[in-house]
2 protein chains.
Amino acid sequence: MILDERKAMILKAIIDDYIITAMPVGSRTVSRKKGVGFSPATIRNEMSDLEELGYLAQPHTSAGRVPSEKAYRLYVDSILKSPEVNPEEKAHIEDYISRRSGQVEDVIRAAADMLADATQYTSVIVAPRIQSLRIKRVQMVPVDEGSALMIVVTSAGIIKDALIAIPNDMTSENLFAISEMLTRELSNHTLAEVRQIFARVFRDMSMNRRLLGGVMKAMEEKLVEDAPEDIVIGGTTKLLNYPEYSDIEKAKNFLTLFENKDRLAAMLKNSGGMQISIRIGNENEMDALKDCSLVTATYRVGDYASGTLGVIGPTRMNYRRVVSMMDFMGNVISKMLSGNTNEV
Amino acid sequence: MILDERKAMILKAIIDDYIITAMPVGSRTVSRKKGVGFSPATIRNEMSDLEELGYLAQPHTSAGRVPSEKAYRLYVDSILKSPEVNPEEKAHIEDYISRRSGQVEDVIRAAADMLADATQYTSVIVAPRIQSLRIKRVQMVPVDEGSALMIVVTSAGIIKDALIAIPNDMTSENLFAISEMLTRELSNHTLAEVRQIFARVFRDMSMNRRLLGGVMKAMEEKLVEDAPEDIVIGGTTKLLNYPEYSDIEKAKNFLTLFENKDRLAAMLKNSGGMQISIRIGNENEMDALKDCSLVTATYRVGDYASGTLGVIGPTRMNYRRVVSMMDFMGNVISKMLSGNTNEV
DNA sequence: GTTAGCACTCATCAGGGTCGAGTGCTAATT
DNA sequence: AATTAGCACTCGACCCTGATGAGTGCTAAC
């Protein structure tokens, strides 16, 4: 089912045109393109074949042709090798992001904005899964009579905190001592392992059972269990600039998507572990994305944790640019976030 | 320029109807309402008067009448006294929000969601201005070789943090000692005063000049100066459900508004210190809000700090409900956030 | 195998007619 | 004097129509 060279060339021309104009492409238009040395009639015959093969579709009898998802798929697969981002742009992006020192949230925020800006589509970045991170320090800071802020510093400089209740008579020296102890016990373990470790600690030392109970509860509840996904969205309204979203219903559907961040994160993450994954139109499970394409990539933090970044645009998006941009951006994020992390 | 009773009644009927239907209201419609004992003809005469007085407008000759901003203003002023939120709803909201323990961010997030949900308009809440908060504790937690997380706990349990650079040979005991010292020096002062205090400390003790320099720089840069406004938005897409936003251009304008949070915060905050302020249509400075109304209220945190909450909806919004909801919500937030704060 | 020619299709748009909601005015009623 | 009924008038919404033009498929000529 491989296309001969001329068909492929014509199909490519049609897709290229459609990516820009979002209008059905006619035979005349194709034949006028440079590099295409055939008359409209010839093109028509080929287009007719392509339609039969399922690569093109006609919105109505006397309209031009529109590429099908199958066509995009072919196009995308054939194009992935040849990236295209100019060096100045790269430098600019890297500079902007690296200016955000440290905090993972900030880096991701900056990256999402840059990605949306560079592609002119909507971008989404999911922070690394927290359960898989290794704890480096645990520290409690008194906030109030009876409450303290528990801070967990993990590898890769990702920091999580939660308010916990403490006994009223606890001094800050006391808290410090306990923090040191917890750090000793927990460091180098993942958050997911915390529960078992606590079980052991509880047996070993009877000290401050009540406080430890509170700490453990907070860790489980706030840091492990229902921790909402950390997910950042850039350029939410970018897609409204494209004609396919001039229908208010579609726009609304699309925008509501971002209100449920957990679902969004879930969707982004099942990219099957591919380095770069592209889902076109109906290849997406979510209804609101049925006429969008979603390009996702993975970035790494240190040696174990990883996160996902994605771009959502119309099916006729500029895949070449998006893919290379994602590739580049993934590397930048990895570099920024792993830079912090010296060994554990 | 006060309206006689009948005119007022007719005007109110028109506004009430328009709030629901978003369609020009005709004399017949008004006359059919219960409580209005007049024929369409009579109503027409009154409506004609009201138009002359500037309370009504006609989109075109043979259409019904539409309330002007002046009418809304009158309506709103006359209605502010009589709140309307049912007790179960109140209980539900209070319960939902109080479930978010502690962290200011969480409370505000929850409140914004609730507010948007209860009103079916878009809600905005600005966190208390950080400069005016009093410091309760300063604590540094080592993160990495050469970097630490500085945490500033302020009154009202609002917590700010920033990554700072520290000398490589700093131990955690060392950091703890310095934290204690900083806490002693800074507690009970506002962030805005930090600079002067540092000047004094610098003279008094020569210890660890380099670290202190870093701390001070971080405080100034990250916590005082360009700290972006903490602002939370709920129900961004809610307004898309109203016919006045079925125009994609308007929708886009409106949505882009939320991308510049600083401007948004600035606008919310200049409500002239009123308890509840309502800006209708052109009373708003921002173009994107020219055909919206903005209702803002103030909440307090402890005795000194305060923040703003707001609802954005179409000019024909249900003012009665929104106002009473804002009033209630402001109190809930105040209570939640001040509850934490025992004396400093 | 390629192309020119031609009849055919169909979305888009402007013009024109009808319909109905709503008005303003005038005259009749209370 | 206030209210109401009646009526002519206005104007947007809707539907139908025909013209236009982009684009197609087929056939015959090159």
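In what follows, every chain begins at residue 1, and chains take the letters A, B, ... in the order their sequences are listed.
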Determine: side-chain N/O of [X] to OP1/OP2 of [N], distance under 4.0 Å, yes or no.
X	N	result
A:S62	C:dC10	no
B:R44	D:dA5	no
A:S39	C:dT2	no

**OP:** Quickly work out the A:N45 CG to D:dT27 C1' distance and round it to whole Å.
**Re:**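 Spelled out: CG on A:N45 to C1' on D:dT27 is 11 Å.
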
**OP:** Measure from CG on B:D17 to C1' on C:dG22 and round the result to the nearest Å.
**Re:** 14 Å

Original post:
At what distance, to the nearest 0.5 angstrom, does CZ of B:R73 lie from OG of B:S78?
Top reply: 11.0 Å

Original post:
Can you tell me how far CZ of A:F254 sits from CG of A:D291, rounded to the nearest 0.5 angstrom?
Top reply: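 A:D291 atom CG to A:F254 atom CZ measures 10.0 Å (nearest 0.5 Å).
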
Original post:
If you find the nucleotide of DNA chain D closest to B:P59 and the one closest to B:F38, which residue's nucleotide is nearer the 5' end?
Top reply: B:F38

Which nucleotide wins on minimum distance to the side chain of [X], given the candidates [options]?
X	options	value
A:T42	C:dC10, C:dT2, C:dG24	C:dT2
B:A41	D:dT4, D:dT24, C:dT23	D:dT4
B:T61	D:dT24, C:dA11, D:dC11	D:dC11
B:S48	D:dG12, D:dT4, C:dG24	C:dG24
A:M47	D:dG12, D:dT24, C:dC10	D:dT24
A:R6	D:dG23, C:dC10, C:dT2	C:dT2

Original post:
B:Y121 ring centre to B:K238 NZ or CZ under 6.0 Å, with the angle to the axis within 45°?
Top reply: no

**OP:** May I ask you to check if B:R320 and B:Y75 form a cation-pi contact, with NZ or CZ under 6.0 angstrom from the six-membered ring centre and within 45° of the axis?
**Re:** no

